[in-house]
Protein chains: 2
Amino acid sequence: MIDSVDRMMRIGELAKRAKVTPRTVRYYESLGLIPPGEREGSGQHRYPEQTVARLQKIDQLKALGLSLEEIGKVIHLYFDDPSGKKAKTKVLEMLRGHLAETEAQLISLKQFRSEVLGHIKRFERWFETKA
Amino acid sequence: MIDSVDRMMRIGELAKRAKVTPRTVRYYESLGLIPPGEREGSGQHRYPEQTVARLQKIDQLKALGLSLEEIGKVIHLYFDDPSGKKAKTKVLEMLRGHLAETEAQLISLKQFRSEVLGHIKRFERWFETKA
DNA sequence: CATGAAGTTTACGTTCACGTCACCTTTTGA
DNA sequence: TCAAAAGGTGACGTGAACGTAAACTTCATG
């Protein structure tokens, strides 16, 4: 347990495991999306296991169409273990807001889908009348 | 008929009629999306009536979500092939591609929604056990 | 201990679809 | 005729998310 808890890795391994490039890791770190890797005096960073999951979560959120800036506003909710009622209340608030945004996105995405489908159907009808 | 056939206009009029800016006209021309306006020795361009329709068609395709690069691959079909069948077939292909992306996004967005709902429920349970 | 792989910082390059000067030439209208 | 309006060209700006090169330091291995 002790080993698995404080096993640290350097940027190359972290990047490979999260399927991103070291450049991306540094970029995200500069944006504060992932916690700064501890420096071992030598200047090299050391990252904990958890950071892999964090990078993967960022990737998931990106796939949802969120910008890195938007991700920055919510990513900590996934990894900070908030203590105290105030903190949790606030997290809950933010989650609800996040959910609302997600619902809104769902709606507009469905809207967009039906538009595209409409275009396709018009094309299909056009082909029928011509065939 | 003769008049309407070779009535030529300068970039300002063209732009106004197509509801774009002269900058956009030049940009599209540089990309080959519209045929180069004839130069009258003075260096000024003269565009035929048809170019208005071409700009409008570009706008329509943009509204469908096609990039200017994608539009470049099909726009000539609308004006070379009078039936427009080839063009529409190709646009249809592209739209299907876009639709596939949209569907994929919808799926992951729904997944994400249920994750967020899970978080909220966990918080609610936490509040219940504490209240 | 020597070397090559890996890591660090700095900083410019890239894509998209134009906007916005700047500076010069041509056209138009009173 | 002469100033204002319009046009032409070149080049830099925008914003997001990194890629890539350069020049140097540190790590790991035979």
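Each chain gets a letter, A, B and so on, in the order its sequence line appears, and its residues count up from 1. Note that these values count all heavy atoms, side chains included, but never hydrogens, waters or copies made by symmetry.
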Out of [options], whichever nucleotide has its closest atom nearest the side chain of [X]:
| X | options | answer |
| --- | --- | --- |
| Thr21(B) | dG19(C), dT8(C), dG7(D) | dG19(C) |
| Arg23(A) | dT20(C), dA17(D), dA11(C) | dA11(C) |
| Gln44(A) | dT27(C), dT8(C), dC18(C) | dT8(C) |
| His45(A) | dG8(D), dT9(C), dT26(D) | dT9(C) |

Could you state the atom-to-atom distance from [atom1] of [X] to [atom2] of [N] in whole Å?
| X | N | atom1 | atom2 | value |
| --- | --- | --- | --- | --- |
| Glu69(A) | dG15(D) | CD | P | 11 Å |
| Met8(B) | dT27(C) | CE | C1' | 17 Å |
| Leu68(A) | dA16(D) | CG | C1' | 8 Å |
| Arg10(B) | dT25(C) | CZ | C1' | 12 Å |
| Ile58(A) | dA17(D) | CD1 | C1' | 13 Å |
| Ile11(A) | dC27(D) | CD1 | C1' | 15 Å |
| Met9(B) | dG7(D) | CE | P | 12 Å |
| Glu13(A) | dA5(C) | CD | P | 19 Å |

Closest-nucleotide ordering on DNA chain C, the 5'-leading residue of Gly43(A) and Ser42(B): Gly43(A)
Sugar-phosphate, base or nothing in reach of Lys16(A), heavy atoms under 4.0 Å: nothing
Members of residues 24-34 of chain B that approach DNA chain D, where some heavy atom sits under 4.0 Å away: Arg26(B)
Rounded distance (nearest 0.5 Å) linking atom OH of Tyr78(B) with atom CG of Leu61(B): 5.0 Å
Five-pair end axes of the helix from dC1(C)-dG30(D) to dA30(C)-dT1(D), angle between them (10°): 10°
